[in-house]
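One structure below.
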Amino acid sequence: YVKHIVRSKDAKVYSPAPTEVDIYRDTRAAAESGWDFSSRWLLADSNGIFRMGTIRTTAIVPVDLNCLIYNLESTIAKAAGLVGDRSAESEFSGRAERRRQAITTVFWSGQHQFFMDLDMATGTHTGVFSLAAVYPLFFNVATQEQADQVAEKIRSSFLQQGGLLATLNVTGQQWDAPNGWAPLHYLAIEGLKNYGYHDLAGDAAHRWMRLIEKTYAFNFRLLEKYNVADTS
């Protein structure tokens, strides 16, 4: 395993190299996340290389998971209201609102002008650009200014010949560049449309569908992921 030391900027506490139990736990957590595997859960070395031995999923607070929980809390509040349970409606409405505020502040990186996961060990953002950033747009949580910045980054960096990259890191893991995934395209396209970026959403959808149609015409198969950077 690649040994590493993580320093907490505030507490100035050092964490030891991961044990085998840590590796198994964090690997299982990454698999449960659906992003198995991705640079979202890994540390880059001094050369910018992400290795599986540095997997630390349980130290990462994911922006997309919090958006999903926000949607669930909002749905529970609405359902409680429909059946007249005012106590539950108030409780979960409050939870949803507090989480909405946290998403737009805690997960927004002013440095990168992008939504990013939070590293609990350092109290800082991971610095990994991923399409998980479209979840706040999909659920209408982002401000218009935040959506503008996310859309610009998607246009300038994520958009490739065959669609949208999962992340901007080439690691050999399947939830990283050069791969694109159908669920992330759906979320990105609908999220962009929510904030008025219909042309960009349509362009991404067209490129993605053209790649799928081209691949299907060649081998009569629909695949779980596609290389969107090199459509040959």
Exercise. Give the cluster check for L42 versus V61: same hydrophobic cluster or not, with ILVMFWY residues linked at side-chain heavy-atom distances below 4.5 Å.
Key: yes
Practice problem: Determine the minimum heavy-atom distance between V63 and M116, stating which atoms define it. | Solution: CB-O, 4.2 Å
Quiz prompt | salt bridge (charged side-chain N to carboxylate O under 4.0 Å, His left out) partners of K225, counting only residues at least two apart | solution = none
Residues 217-224, side-chain donor-acceptor partners within the protein, below 3.5 Å, at least two apart:
residue	atom	partner	partner atom	Å
N219	OD1	R221	N	3.0

Exercise. Go through the steps for T167 and L131 under the test side chain to side chain contact (heavy atoms under 4.5 Å, CB included), then give the verdict.
Key: CA-CA 6 Å; T167 76; L131 271 194; over 6 Å; no
Exercise. Return yes if a side-chain donor-acceptor contact under 3.5 Å exists between T171 and N169, otherwise no.
Key: no
Quiz item: What's the shortest heavy-atom distance between A31 and F37, and which atoms?
Solution: N-CE2, 4.2 Å
Self-check item: Remaining members of the apolar cluster that contains L72, side-chain heavy atoms under 4.5 Å
Solution: I76, F92
Quiz item: Are L65 and M120 connected in the hydrophobic side-chain network, where two residues link if heavy atoms are under 4.5 Å apart?
Solution: no
Self-check item: Side chain to side chain, Y226 and N179, heavy atoms closer than 4.5 Å
Solution: no
Quiz prompt | Rounded distance [0.5 Å steps], CG in L211 versus OH in Y216 | solution = 15.0 Å
Quiz item: So, T231 versus Q161: side-chain donor-acceptor pair below 3.5 Å or not?
Solution: yes
Quiz item: Say you draw a straight line from CD of E145 to OH of Y195; how long is it, rounded to the nearest 0.5 Å?
Solution: 10.0 Å
Quiz item: Do you know which of D117, D22, D26, D119 makes salt bridge (Lys or Arg N to Asp or Glu O under 4.0 Å) with R56?
Solution: D119
Quiz item: Out of F107, F129, Y135, W108, which residue meets the ring-ring contact (aromatic ring centres under 6.0 Å, His included) rule with F115?
Solution: W108
Exercise. Could you tell me whether the side chain of M52 reaches within less than 4.5 Å of the side chain of Q173, counting heavy atoms only?
Key: yes
Practice problem: Not counting sequence neighbours, which residues clear salt bridge (charged side-chain N to carboxylate O under 4.0 Å, His left out) with D64? List them please. | Solution: R40
Exercise. Taking the six-membered ring for Trp and the full ring for Phe, Tyr or His, determine whether the centres of Y186 and F138 are under 6.0 Å apart.
Key: yes
Practice problem: Could you pull out all residues at least two apart from Y70 that satisfy ring pair (Phe, Tyr, Trp, His ring centres under 6.0 Å)? | Solution: none
Exercise. Could I get the full list of side chain to side chain donor-acceptor pair (under 3.5 Å) partners for S93, not counting sequence neighbours?
Key: none
Quiz item: Does E73 have any side chain to side chain donor-acceptor pair (under 3.5 Å) partners at least two apart in sequence or in another chain, and if so, which?
Solution: R99
Quiz item: Linking I/L/V/M/F/W/Y whenever their side-chain heavy atoms sit closer than 4.5 Å, directly or via other members, would I212 and L164 fall into one cluster?
Solution: yes
Self-check item: For the student: nearest non-hydrogen atoms of A151 and L192, plus distance
Solution: CB-CD2, 3.8 Å
Quiz item: Who pairs with R155 by salt bridge (charged side-chain N to carboxylate O under 4.0 Å, His left out), at least two apart in sequence or on another chain?
Solution: E152
Quiz prompt | Any donor-acceptor pair under 3.5 Å from D36 side chain to E32 backbone | solution = no
Exercise. Kindly compute the distance separating CZ (R98) from CZ (R100), expressed to the nearest 0.5 Å.
Key: 12.5 Å
Practice problem: Flag yes if V134 and L159 sit in one hydrophobic cluster, no otherwise; membership is Ile, Leu, Val, Met, Phe, Trp, Tyr, and two members link when side-chain heavy atoms are under 4.5 Å apart. | Solution: yes
Exercise. Would you kindly confirm whether I189 and L187 end up in one hydrophobic cluster when ILVMFWY residues are joined by side chain heavy atoms under 4.5 Å apart?
Key: no
Quiz prompt | By ring pair (Phe, Tyr, Trp, His ring centres under 6.0 Å) - contacts of H198 (at least two apart) | solution = none
Self-check item: Side-chain heavy-atom pair E89, D85 within 4.5 angstrom cut-off
Solution: no
Which donor-acceptor pairs under 3.5 Å do side chains of residues 203-210 form with protein atoms, sequence neighbours excluded?
residue	atom	partner	partner atom	Å
D203	OD1	R207	NE	2.9
D203	OD2	R207	NE	3.4
D203	OD2	R207	NH2	3.1
R207	NH1	Q160	O	3.1

Quiz item: Do NZ/NE/NH1/NH2 and the carboxylate oxygens of R95 and E91 come within less than 4.0 Å?
Solution: yes
Practice problem: For the residue pair E97 and Q101, confirm or rule out a side-chain donor-acceptor distance under 3.5 Å. | Solution: yes
Exercise. Kindly give the heavy-atom pair with the smallest separation between I103 and P136, and that separation in Å.
Key: CG2-CG, 4.1 Å
Quiz prompt | Separation of Q149 CD from S109 OG (nearest 0.5 Å) | solution = 11.0 Å
Self-check item: Candidate pair L118 and T126, rule side chain to side chain contact (heavy atoms under 4.5 Å, CB included), full reasoning
Solution: CA-CA 6 Å; L118 190 70; T126 63; over 6 Å; no
Quiz prompt | Heavy-atom pair with the smallest gap, counting every atom of A177 and L168 | solution = CB-C, 4.3 Å
Self-check item: Pair N71, S74: side-chain N/O donor-acceptor within cut-off below 3.5 Å
Solution: no
Practice problem: Say whether D148 and Y197, considering side chains only, have a donor N or O and an acceptor N or O under 3.5 Å apart. | Solution: yes
Exercise. Check A142 against L137 and note the closest heavy-atom contact, atom names and distance.
Key: CB-CD1, 3.9 Å
Quiz item: Which distance, rounded to the nearest 0.5 Å, do you find between the CG of L43 and the CD1 of I49?
Solution: 13.5 Å
Self-check item: Residues which pass ring pair (Phe, Tyr, Trp, His ring centres under 6.0 Å) with W175, listed by chain and number, not counting sequence neighbours
Solution: W35, W181
Exercise. Please list, chain by chain and in numerical order, all residues satisfying ring pair (Phe, Tyr, Trp, His ring centres under 6.0 Å) with F158, sequence neighbours excluded.
Key: F114
Quiz item: Would a 4.5 Å heavy-atom cut-off, applied to side chains only, mark P178 and V228 as touching?
Solution: no
Quiz item: Atom CZ in F139, atom CD1 in I69: separation rounded to 0.5 Å?
Solution: 11.0 Å
